[in-house]
Chemist: 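First the structure, which I've put down as C-alpha coordinates, then a few questions once you've had a look.
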Amino acid sequence: MIQSFTHASVWLQVFEWADDQRILVDWRQIANSDDMADVATALSQAPDTGKAGAMTGMGDAMLFARNQFDKPNCDRSVLDLMSDGLPNT
(Lines give C-alpha, C1' and ligand atoms only; values in the text may rest on other atoms or scores of the structure.)
Protein backbone atom coordinates (compact mmCIF):
# COMPACT_ATOMS: atom_id res chain seq x y z
CA MET A 1 0.00 0.00 0.00
CA ILE A 2 2.70 2.50 0.95
CA GLN A 3 4.55 1.85 -2.29
CA SER A 4 1.49 3.00 -4.26
CA PHE A 5 1.83 6.58 -2.93
CA THR A 6 4.20 7.94 -5.53
CA HIS A 7 3.09 11.59 -5.36
CA ALA A 8 1.86 11.85 -1.80
CA SER A 9 3.48 11.84 1.57
CA VAL A 10 2.14 9.59 4.32
CA TRP A 11 2.71 10.56 7.96
CA LEU A 12 1.87 8.40 10.94
CA GLN A 13 1.51 8.96 14.66
CA VAL A 14 0.53 6.26 17.17
CA PHE A 15 -0.85 6.99 20.62
CA GLU A 16 -2.61 5.06 23.32
CA TRP A 17 -5.23 6.28 25.72
CA ALA A 18 -6.42 4.78 28.95
CA ASP A 19 -6.99 7.34 31.69
CA ASP A 20 -4.53 9.59 29.82
CA GLN A 21 -2.92 9.85 26.39
CA ARG A 22 0.61 8.76 25.59
CA ILE A 23 2.33 9.12 22.24
CA LEU A 24 4.08 5.88 21.36
CA VAL A 25 5.40 6.97 17.96
CA ASP A 26 5.45 10.68 17.18
CA TRP A 27 4.82 11.91 13.65
CA ARG A 28 7.03 10.10 11.14
CA GLN A 29 7.03 10.21 7.41
CA ILE A 30 6.44 6.77 5.94
CA ALA A 31 8.00 6.51 2.50
CA ASN A 32 8.87 2.82 2.27
CA SER A 33 8.73 -0.53 4.03
CA ASP A 34 11.88 0.26 6.04
CA ASP A 35 10.13 3.30 7.57
CA MET A 36 7.17 1.10 8.50
CA ALA A 37 9.52 -1.50 9.99
CA ASP A 38 11.03 1.27 12.13
CA VAL A 39 7.55 2.10 13.45
CA ALA A 40 6.92 -1.58 14.22
CA THR A 41 10.21 -1.75 16.12
CA ALA A 42 9.38 1.39 18.10
CA LEU A 43 5.98 -0.03 19.03
CA SER A 44 7.45 -3.36 20.09
CA GLN A 45 9.92 -1.53 22.36
CA ALA A 46 7.37 0.83 23.94
CA PRO A 47 7.06 0.24 27.68
CA ASP A 48 3.88 -1.48 28.81
CA THR A 49 1.72 0.78 30.95
CA GLY A 50 -0.31 -2.14 32.26
CA LYS A 51 -3.48 -0.34 31.22
CA ALA A 52 -4.73 -2.84 28.63
CA GLY A 53 -8.41 -3.41 29.27
CA ALA A 54 -8.73 -0.16 31.25
CA MET A 55 -11.52 2.35 30.81
CA THR A 56 -11.15 4.03 27.43
CA GLY A 57 -13.13 7.10 26.48
CA MET A 58 -13.34 7.33 22.68
CA GLY A 59 -14.32 10.99 22.93
CA ASP A 60 -11.14 11.81 24.84
CA ALA A 61 -9.09 9.99 22.22
CA MET A 62 -10.80 11.93 19.43
CA LEU A 63 -10.17 15.27 21.15
CA PHE A 64 -6.52 14.39 21.68
CA ALA A 65 -6.17 13.33 18.05
CA ARG A 66 -7.80 16.53 16.80
CA ASN A 67 -5.07 18.56 18.49
CA GLN A 68 -2.39 16.31 17.03
CA PHE A 69 -3.59 16.97 13.48
CA ASP A 70 -2.01 20.43 13.59
CA LYS A 71 1.28 18.74 12.76
CA PRO A 72 2.38 17.85 10.18
CA ASN A 73 0.75 20.00 7.53
CA CYS A 74 -1.25 17.47 5.51
CA ASP A 75 -3.92 17.69 2.84
CA ARG A 76 -5.99 14.99 4.53
CA SER A 77 -6.14 13.58 8.06
CA VAL A 78 -7.52 10.18 9.04
CA LEU A 79 -8.13 8.89 12.56
CA ASP A 80 -8.22 5.11 12.96
CA LEU A 81 -9.34 4.15 16.48
CA MET A 82 -8.90 0.71 18.01
CA SER A 83 -9.70 -0.19 21.58
CA ASP A 84 -9.16 -3.15 23.85
CA GLY A 85 -10.64 -1.43 26.90
CA LEU A 86 -14.03 -0.86 28.43
CA PRO A 87 -16.09 2.13 27.26
CA ASN A 88 -16.66 5.00 29.69
CA THR A 89 -20.37 5.23 28.89
Side-chain angles (χ1 to χ4, degrees):
M1 176 77 174
I2 292 169
Q3 294 171 347
S4 67
F5 291 108
T6 56
H7 301 293
S9 180
V10 176
W11 287 78
L12 173 73
Q13 181 191 61
V14 180
F15 69 90
E16 71 174 2
W17 77 98
D19 300 327
D20 56 358
Q21 292 78 29
R22 179 173 71 118
I23 295 174
L24 300 176
V25 176
D26 208 355
W27 288 112
R28 291 190 191 185
Q29 187 173 17
I30 308 298
N32 54 48
S33 57
D34 289 339
D35 293 340
M36 201 63 229
D38 290 344
V39 169
T41 298
L43 289 173
S44 70
Q45 295 174 351
D48 185 359
T49 61
K51 292 184 179 183
M55 300 296 279
T56 54
M58 292 290 228
D60 290 338
M62 293 167 65
L63 289 171
F64 181 80
R66 180 188 65 189
N67 293 329
Q68 298 302 307
F69 283 148
D70 291 342
K71 18 173 182 101
N73 185 14
C74 296
D75 293 331
R76 181 173 173 230
S77 299
V78 177
L79 175 60
D80 185 0
L81 286 176
M82 294 173 278
S83 174
D84 65 354
L86 302 170
N88 288 357
T89 58

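Quick caveat, the model's predicted, so the values are computed rather than measured.
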Chemist: Check whether W11 and I23 end up in the same hydrophobic cluster, where Ile, Leu, Val, Met, Phe, Trp and Tyr are linked by side-chain heavy atoms less than 4.5 Å apart.
Modeler: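 Shared cluster, yes.
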
Chemist: State which residues pass side chain to side chain donor-acceptor pair (under 3.5 Å) with Q68; sequence neighbours excluded, sorted by chain then number.
Modeler: Q13

Chemist: Could you state whether V78 and V39 fall into the same hydrophobic cluster, counting links through intermediate Ile, Leu, Val, Met, Phe, Trp or Tyr residues with side-chain heavy atoms under 4.5 angstrom apart?
Modeler: no

Chemist: With F15, which residues qualify under ring-ring contact (aromatic ring centres under 6.0 Å, His included), at least two apart?
Modeler: F64

Chemist: What residues form a salt bridge (Lys or Arg N to Asp or Glu O under 4.0 Å) with R66, not counting sequence neighbours?
Modeler: none

Chemist: Closest heavy-atom contact between A42 and R28?
Modeler: CB-NH2, 3.8 Å

Chemist: What distance separates M62 CE from N67 CG, expressed to the nearest 0.5 Å?
Modeler: 12.5 Å

Chemist: Side chains of L12 and V25, heavy atoms from C-beta outward: is any pair under 4.5 Å?
Modeler: no

Chemist: Under 4.5 Å between side-chain heavy atoms, counting indirect links through other Ile/Leu/Val/Met/Phe/Trp/Tyr residues: same cluster for L43 and M36 or not?
Modeler: yes

Chemist: Are any of the side-chain heavy atoms of L24 and R22 separated by less than 4.5 Å?
Modeler: yes

